[in-house]
Trainee: 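Quick one: the structure is below, questions incoming.
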Amino acid sequence: MSHYSYKELFKQLWREVQNRPPSTTADQSRAKLLGMYLQVRLLELKRKPQYLAAVLDVEQELVDAILEGTLPASELDNGLLEDIAAAVKRKVSVLQALLGKEAFAER
Amino acid sequence: MRKDEEFKAAQAWGENWLERLQTGKDEAMWSELFTCFAKKLRRDIRTSLQKRGLDPELAEDVEQDTWAIVAQKIGSFVSSDDDHDLRLSRLYNWMRVIALNRVRMIRRGQKVEPISLDAIEETEADGKISLDGFAFRHELYELGPERKLLIAEKVHMIEDLLQSLSERDREILMRRLINNEKPRTLAAEYGIEPRSISQILFRTKQTLERQRIHFEQ
């Protein structure tokens with residue numbers, strides 16, 4: 001059993017709600033674009049989403065959220081993009097560009 | 001159809017619960033959401049950590065991060081379903097994948113060999129080595145001139161933030177991030193409650209995250 005309380009956790013959550021910056025559905029348009037691109041890429045590779053889950057070693061629901069573009073765009077970090085890029089055999093800079101992120105130097 | 005106990009309380013939420021979460025700072029509604037999902041989310045996080053061979057103690061960090069992201073990003077959650085149960089189920093699934101993604105980040109981060117605190121202390125000069133250790137631990141050191149420039153800016157940003165912390169808070173943050181020392185261990189050493197360690201970490205991590213987003217924009 002965890003040693004930290006739900007009461008304390010809720011206090012932290014409520015502080016975060018009070019300080020949150022405006023966030024709208026428009027924030028997700030780039031994530032949806034990336035998701036659509038990956039769906040097409042998997043089709044080209046004749047692979048199923050389960051392949052991506054296995055390669056990334058993550059739960060299927062997480063991959064589904066990436067492909068549907070519902071995972072918050074802020075959570076699509078460069079580490080995840082690098083792993084996905086390797087799995088779909090594309091440069092990470094392509095995925096970063098789809099998300100509107102500045103591409104880092106190629107590895 | 002969902003049958004979990006946790007969801008039953010949500011039957012009385014009414015029709016506009018999502019709008020209340022998204023548009024208003026409605027403490028009662030957030031409290032309802034938290035009461036409904038917190039235990040289930042904690043269980044799911046611990047299961048995911050255990051499945052990946054990670055320390056279940058890390059659930060605390062994942063849970064705090066997940067709720068913070070939910071609070072920040074609830075405005076971007078979309079569900080076109082009219083059905084109350086389906087919308088609720090989708091919201092929980094959205095929260096769950098945020099948590100699962102956080103577990104993935106931890107696992108990916110742990111692939112880097114942690115630097116021992118002893119090694120850091122032996123060579124430490126004005127905290128410089130500790131900061132290098134932090135950057136290395138988080139895979140900030142890469143090749144390429146553009147990447148190097150970005151890293152240098154990030155390190156400066158982190159330095160500024162660290163300087164704004166008290167010596168104790170700075171030490172706790174570094175020991176937790178670099179050496180993966182458990183909150184319970186740190187709490188015992190510093191003679192404070194484990195939840196105080198959590199609060200320090202939560203506060204400083206959120207500040208870092210906000211500065212990181214600001215920096216990347």
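Naming convention: chains lettered A, B, ... in sequence-line order (proteins, then strands); numbering from 1 in each chain.
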Trainee: Could you go step by step and tell me if B/Arg108 and A/Asp77 meet the salt bridge (charged side-chain N to carboxylate O under 4.0 Å, His left out) rule?
Mentor: CA-CA 11 Å; B/Arg108 198 175 192 279; A/Asp77 63 309; 5.9 Å; no
Trainee: Using non-hydrogen atoms and a 4.5 Å limit, figure out which bit of B/Asp26 sits close to chain A: side chain, backbone, both or neither.
Mentor: backbone
Trainee: With side chains defined as the heavy atoms from C-beta onward, is the minimum distance between A/Phe10 and B/Trp30 less than 4.5 Å?
Mentor: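 In contact.
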Trainee: Are A/Glu16 and B/Gln72 close enough, and set up right, to give a side-chain hydrogen bond (donor to acceptor under 3.5 Å, both in side chains), and what steps lead you there?
Mentor: CA-CA 7 Å; A/Glu16 200 59 45; B/Gln72 289 165 11; 2.6 Å; yes
Trainee: Is a donor from one side chain sitting under 3.5 angstrom from an acceptor on the other, for B/Glu27 and A/Gln18?
Mentor: no
Trainee: Below 4.5 Å from any heavy atom of chain A, which atoms of B/Ile69 appear? Answer side chain, backbone, both or neither.
Mentor: side chain
Trainee: Return yes if some donor-acceptor pair links the side-chain N/O of B/Arg42 with the main-chain N/O of A/Tyr6 below 3.5 Å, else return no.
Mentor: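 Looks like no, no N/O pair under 3.5 Å.
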Trainee: Nearest 0.5 Å, please: how far is CD in A/Gln12 from CD in B/Glu63?
Mentor: 9.5 Å
Trainee: Which one of A/Val58, A/Asp57, A/Val63, A/Asp64 has the most heavy-atom pairs closer than 4.5 Å to chain B?
Mentor: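 Of the options given, most contacts go to A/Asp57.
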Trainee: Would you indicate whether the side-chain heavy atoms of B/Asn101 and A/Leu80 approach each other to under 4.5 Å?
Mentor: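 In short, these two side chains touch, coming nearer than 4.5 Å.
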Trainee: A/Glu59 and side chain to side chain donor-acceptor pair (under 3.5 Å): which single residue from B/Arg96, B/Arg52, B/Arg104 fits?
Mentor: B/Arg52
Trainee: With rounding to the nearest 0.5 Å, note down the distance linking CG in A/Leu9 to CD in B/Gln64.
Mentor: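 Here the interatomic distance stands at 6.5 Å.
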Trainee: Under 4.5 Å from any heavy atom of chain A, what part of B/Gln199 do you find: side chain, backbone, both or neither?
Mentor: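 Answer is both: backbone and side chain atoms of B/Gln199 are under 4.5 Å from chain A.
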Trainee: Side chains of A/Thr70 and B/Phe77: does their closest heavy-atom pair fall under 4.5 Å?
Mentor: no
Trainee: Is there side-chain contact between A/Glu75 and B/Lys73, with at least one heavy-atom pair below 4.5 Å?
Mentor: no
Trainee: Under a 4.5 Å cut-off applied to non-hydrogen side-chain atoms, are B/Trp94 and A/Pro72 in contact?
Mentor: yes
